[in-house]
Colleague: 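This is the structure, below, for whatever I ask next.
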Amino acid sequence: MERAVPPTFVDKSRVLDVKPLRSLVPVFPSPPQAPPFICSPPFGPFPPGFSPFYPFSSPDQNQQSARAGSTNQGGFTFSQPTRTPPGPIPAPIRSYRTPKPVAKPNGDTVLSMETSREDMPFVKQSADIGGLEMNEGFIDSQRRAAPHLRRSKSSQKKSKRNQDAAFLLSIDGDKGSFKNFIIGCSSFQQDDGNREMVNYVLMTFDALRRRLSQVEDAKEAPTGVIKRADLKSGNILMSKGLRTNMRKRIGVVPGIEIGDIFFFRMEMCLVGLHSQSMAGIDYMIDKSDLEEEPLAVSIVSSGGYDDDAEDRDVLIYSGQGGNINRKDKQVADQKLERGNLALERSLRRANEVRVVRGIKDVVNPSSKVYVYDGLYIIQESWIEKGKSGCNIFKYKLVRTPGQPGAFAHWKSIQKWKEGFLSRAGLIIPDLTSGSESIPVSLVNDIDDEKGPAHFTYFPTLRYSKSFNIMQPSYGCNCHKACLPGDLNCSCIRKNGGDFPYVANNILVSRKSLVYECGPTCPCFPDCKNRVSQIGLKVHLEVFKTADRGWGLRSWDPIRAGSFICEYGGEALDGVKVKQDGDEGDSDEYVFDTTRIYENSLKWNYEPGLLDEGSSVDANEDYKIPSPLIISAKNVGNVARFMNHSCSPNVFWQPVLYEHNSESFLHVAFFAIKHIPPMMELTYDYGISQSEKYEAQSNNAPLKKKECLCGSSKCRGYFG
DNA sequence: GTGTGCTCAACAAT
DNA sequence: CATTGTTGAGCACA
């Protein structure tokens with residue numbers, strides 16, 4: 001398994017031809033950061049909506065930092081997160097970039113935040129922007145930054161939750177020809193982020209990207225096109241200052257955790273992990289010394305060059321330039337400049353470099369996943385002759401020990417799938433006995449329990465024959481695949497004219513109801529409007545948690561908006577359930593659509609970021625047309641194992657489709673955000689009317705059992 | 001400040 | 001499905 005290093009052809013003389021440095025001490029750009037997941041009071045260690053990420057271990061283990069170290073789980077060692085002590089006292093480096101005004105196509109200019117704020121009339125406060133609430137510290141920092149932005153008296157009366165909201169500002173241009181909504185975040189938040197800010201930026205980016213894709217898909221002819229919705233969405237957010245960690249830095253980026261995944265280069269730009277939209281090497285100028293020199297901050301290795309990325313902890317990275325990937329230019333020797341020079345200087349200084357590994361997405365082979373794999377040190381560099389015969393720089397990067405595993409876990413999972421390595425604690429390779437298209441593993445690497453109580457696996461929802469929940473309805477008349485923008489398709493019309501999904505079967509936004517084509521629609525079975533009916537797309541495993549019974553997680557990465565599974569089981573008559581309601585703990589596996597989220601989840605694009613005006617109804621109240629209660633106690637599927645969290649990464653969405661002239665309601669689960677492999681899947685179990693009443697009358701939070709989100713607001717359900 | 005060139009994208013077409 | 005062509009974004013640097 002050992003790689004062959006060093007290479008045969010080594011010409012270090014050329015690389016070493018640099019001016020002597022006065023100091024080879026590593027340079028850190030900013031004071032040692034507290035671990036990004038520690039938030040200041042009063043929000044507790046983990047703010048609502050943002051739990052720490054540690055694949056392969058449960059959060060409660062991680063909170064016990066005394067137990068940090070290595071655990072051996074069935075012959076497979078996973079390192080617990082440990083933080084290496086900060087290095088030498090850093091010499092501050094400042095590398096600020098100021099947002100530039102961006103010219104809009106119509107000639108108007110989008111003002112940068114700092115200048116525009118003075119002129120912006122306060123228009124509106126929103127309690128919920130993009131489904132995420134901002135904490136009080138966030139708001140306070142805004143008030144400090146813009147003290148003239150005072151709340152109106154009426155808005156002061158609003159609830160505490162509204163105080164937690166971010167400001168939504170709107171300005172009119174000179175001629176009122178455009179509206180520019182800006183999330184008021186202080187320059188501090190833009191320079192140095194935190195977990196909340198990172199999540200907020202990423203959620204906003206993807207929601208906007210999905211909407212732009214949806215609009216683009218609906219166009220008949222590709223004119224005036226928004227190809228590359230990722231670039232467009234990123235550009236909009238950049239120009240509005242909706243980004244974070246803008247100040248470049250060496251080492252840890254606040255709010256970004258090892259193992260975090262991304263699906264677009266733009267995402268990494270927006271959160272300050274890697275600020276080059278294409279280039280593989282990101283660097284900054286160190287001005288702390290009399291002599292300015294470039295230092296590398298991060299690299300992306302994703303197959304564009306001939307890297308050696310087979311090893312888990314070692315990466316042989318190729319330098320940039322030499323026209324390797326350009327058809328319009330002659331190949332040439334790479335030069336010791338730009339990123340190559342920066343890497344060389346970082347080697348001499350022994351500075352850490354962030355490494356992002358780009359991997360082909362097994363679920364959607366056309367796209368790539370970027371995994372943040374933590375900090376590496378450049379151990380050596382040399383020049384090699386490339387395939388074209390020209391010189392190519394090579395850098396050997398070695399992963400700093402003691403960091404939680406990220407890329408290494410991907411390699412393990414790959415081996416499980418290929419059968420070269422068996423999953424430790426595997427009890428049954430497929431607990432569905434083949435009734436799903438992809439096997440679902442049953443795993444216990446915690447204790448001796450051999451599995452959950454017996455139930456019958458049924459992959460979807462079973463309606464009793466007499467149970468017709470909807471009036472008769474009919475499917476569409478399309479004869480191939482239903483196409484976005486085709487308003488002749490009745491299924492699309494039911495969705496308000498918008499095709500609910502975009503490329504890679506990704507849901508665009510949360511709605512009261514999504515109408516899919518059903519079994520009797522004449523369109524082809526591969527019609528893209530049948531996402532929730534196509535079955536599992538990722539390899540799931542039911543696993544034993546440390547203290548919440550069995551849980552559900554995925555071997556594969558899951559993109560935000562991806563369909564995960566539906567809630568399988570038996571549809572119950574609502575009246576009957578109430579009569580049988582006193583059956584002890586019989587509600588443990590009951591899904592009830594009348595339970596609502598206490599913390600509202602909009603999971604929607606922010607209309608103010610587009611010039612859509614009021615054509616988009618952003619204030620949908622998500623009412624279910626007809627209550628549906630599902631029991632998965634005796635008959636069910638993987639969804640019955642999903643635990644509760646009030647900082648969930650999954651939400652449920654009612655989906656309706658037609659069968660034999662009757663419409664049937666289903667409950668489909670979609671990813672709220674990108675979910676790295678092996679992170680537990682959870683959704684908000686919500687709250688029933690009676691529980692809501694009880695909580696209000698007792699003026700105390702309901703606590704059945706502890707939820708691990710750490711929020712003081714949490715009611716702590718799990719099933 | 002402003003313009004130009006560089007770059008381990010992302011898609012669609014083939 | 002591997003390859004090819006097309007259009008790009010932020011950023012560094014002149």
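Everything numeric here is computed off the predicted structure, so don't read it as measured data. Within every chain, numbering begins at 1; the chains are lettered A, B, ... in the order of the sequence lines, protein sequences first and strands thereafter.
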Colleague: Distance check needed: C/dC13 P versus A/Leu341 CG, whole Å only.
Modeller: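 In whole Å, C/dC13 P and A/Leu341 CG are 9 Å from each other.
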Colleague: A/Met284 has an atom CE; how far is it from atom C1' of C/dC11, in whole Å?
Modeller: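 Spelled out: CE on A/Met284 to C1' on C/dC11 is 14 Å.
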Colleague: For A/Lys327 and for A/Ile236, locate the closest nucleotide of DNA chain C by heavy-atom distance; then report the residue assigned to the nucleotide nearer the 5' terminus.
Modeller: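 Going by which nucleotide is closer to the 5' end, it is A/Lys327.
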Colleague: Could you grab the distance from atom CD of A/Gln334 to atom CG of A/Asn340, nearest 0.5 Å is fine?
Modeller: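 Taking CD in A/Gln334 and CG in A/Asn340, the distance rounds to 5.5 Å.
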Colleague: Quickly work out the A/His274 NE2 to C/dG10 C1' distance and round it to whole Å.
Modeller: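 Rounding to the nearest Å, NE2 of A/His274 and C1' of C/dG10 are 10 Å apart.
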Colleague: Using atom NZ of A/Lys232 as one end and atom C1' of C/dG8 as the other, report the distance to the nearest whole Å.
Modeller: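 One finds 12 Å between C1' of C/dG8 and NZ of A/Lys232, rounded.
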Colleague: Is A/Tyr283 close enough to B/dC6 that one of its side-chain N or O atoms is under 4.0 Å from OP1 or OP2 there?
Modeller: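 For B/dC6, neither OP1 nor OP2 has a side-chain N or O of A/Tyr283 closer than 4.0 Å.
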Colleague: Atom OG of A/Ser233 and atom CG of A/Leu212: how far apart are they, to the nearest 0.5 Å?
Modeller: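 Separation between the atoms: 6.0 Å.
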Colleague: Return the minimal non-hydrogen interatomic distance between A/Val253 and A/Gly272, and the atom names on each side.
Modeller: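 Answer, listing the atom of A/Val253 first, then A/Gly272: CG2-O, 3.8 Å.
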Colleague: Do A/Tyr305 and A/Asn325 have side-chain heavy atoms sitting under 4.5 Å apart?
Modeller: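 Sidechains of A/Asn325 and A/Tyr305: in contact.
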Colleague: Tabulate atom names and distances for all N/O pairs under 3.5 angstrom spanning the protein and nucleotides 7-11 of chain B.
Modeller:
unit_1	atom_1	unit_2	atom_2	d
B/dT7	OP1	A/Gly321	N	3.3
B/dC8	OP1	A/Gly280	N	2.9
B/dC8	OP2	A/Tyr305	OH	2.2
B/dC8	O2	A/Ser302	N	2.8
B/dC8	O2	A/Gly303	N	2.9
B/dC8	O2	A/Gly304	N	2.7
B/dC8	N3	A/Asp307	OD2	2.7
B/dC8	N4	A/Asp307	OD1	2.9
B/dC8	N4	A/Asp307	OD2	2.8
B/dC8	N4	A/Ser318	N	3.3
B/dC8	N4	A/Ser318	O	3.2
B/dA9	OP1	A/Ser302	OG	2.4
B/dA9	OP2	A/Lys368	NZ	3.4
B/dA9	O5'	A/Arg265	NH1	3.1
B/dA9	N3	A/Arg228	NH1	3.2
B/dA10	OP1	A/Arg265	N	2.9
B/dA10	OP2	A/Tyr370	OH	2.6
B/dA10	O4'	A/Arg228	NE	3.3
B/dA10	O4'	A/Arg228	NH1	3.1
B/dA10	O4'	A/Arg228	NH2	3.0
B/dA10	N3	A/Arg228	NH1	3.4

Colleague: Measure the distance from CZ on A/Arg247 to P on C/dG10 and round it to the nearest whole Å.
Modeller: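 Distance, rounded to whole Å: 21 Å.
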Colleague: Atom CD of A/Glu267 and atom P of C/dA9: how far apart are they, to the nearest Å?
Modeller: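 From A/Glu267 CD to C/dA9 P: 17 Å.
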Colleague: How does DNA chain B read in dot-bracket, base by base from 5' to 3', with Watson-Crick or G-U pairs under 3.5 Å and | used when the partner is on another strand?
Modeller: .||||||.||||||
Colleague: One thing to verify: whether A/Arg354 and A/Asp373 come together as a salt bridge, which I'm taking to mean a side-chain N less than 4.0 angstrom from a carboxylate O.
Modeller: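 Result for this pair is no, no salt bridge flagged.
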Colleague: Between A/Arg195 and A/Asp260, is the closest basic N to carboxylate O distance under 4.0 Å?
Modeller: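 Salt bridge present between A/Asp260 and A/Arg195.
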Colleague: Can you give each donor-acceptor pair under 3.5 Å made by side-chain atoms of residues 355-365 of chain A, sequence neighbours left out, with the distance rounded to 0.1 Å?
Modeller:
unit_1	atom_1	unit_2	atom_2	d
A/Arg357	NH2	A/Asp311	O	3.4
A/Arg357	NH2	A/Arg312	O	3.4
A/Arg357	NH2	A/Tyr376	OH	2.8
A/Asp361	OD1	A/Val363	N	3.1
A/Asn364	ND2	A/Asn504	OD1	3.3

Colleague: Report yes if at least one side-chain N or O of A/Lys248 is closer than 4.0 Å to OP1 or OP2 of C/dA12; otherwise report no.
Modeller: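 Checking A/Lys248 against C/dA12: at least one side-chain N or O falls below 4.0 Å of OP1 or OP2.
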Colleague: Do A/Ile281 and A/Gln276 have side chains that get closer than 4.5 Å, going by heavy atoms?
Modeller: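 With C-beta onward as the side chain, the pair stays apart.
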Colleague: Tell me, please, which residues at least two apart from A/Phe563 pass ring-ring contact (aromatic ring centres under 6.0 Å, His included).
Modeller: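 Residues passing ring-ring contact (aromatic ring centres under 6.0 Å, His included) with A/Phe563: A/Phe670.
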Colleague: Please enumerate all protein N or O atoms sitting under 3.5 Å from an N or O of nucleotides 12-14 of chain B, with distances to 0.1 Å.
Modeller:
none

Colleague: With A/His274, which residues qualify under ring-ring contact (aromatic ring centres under 6.0 Å, His included), at least two apart?
Modeller: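 Partners of A/His274 by the ring-ring contact (aromatic ring centres under 6.0 Å, His included) criterion come out as none, since no residue qualifies.
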Colleague: Would you check if the distance from the ring center of A/His674 to the ring center of A/Phe263 is below 6.0 Å?
Modeller: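 Judged by ring-centre distance (under 6.0 Å), A/His674 and A/Phe263 do meet the cut-off.
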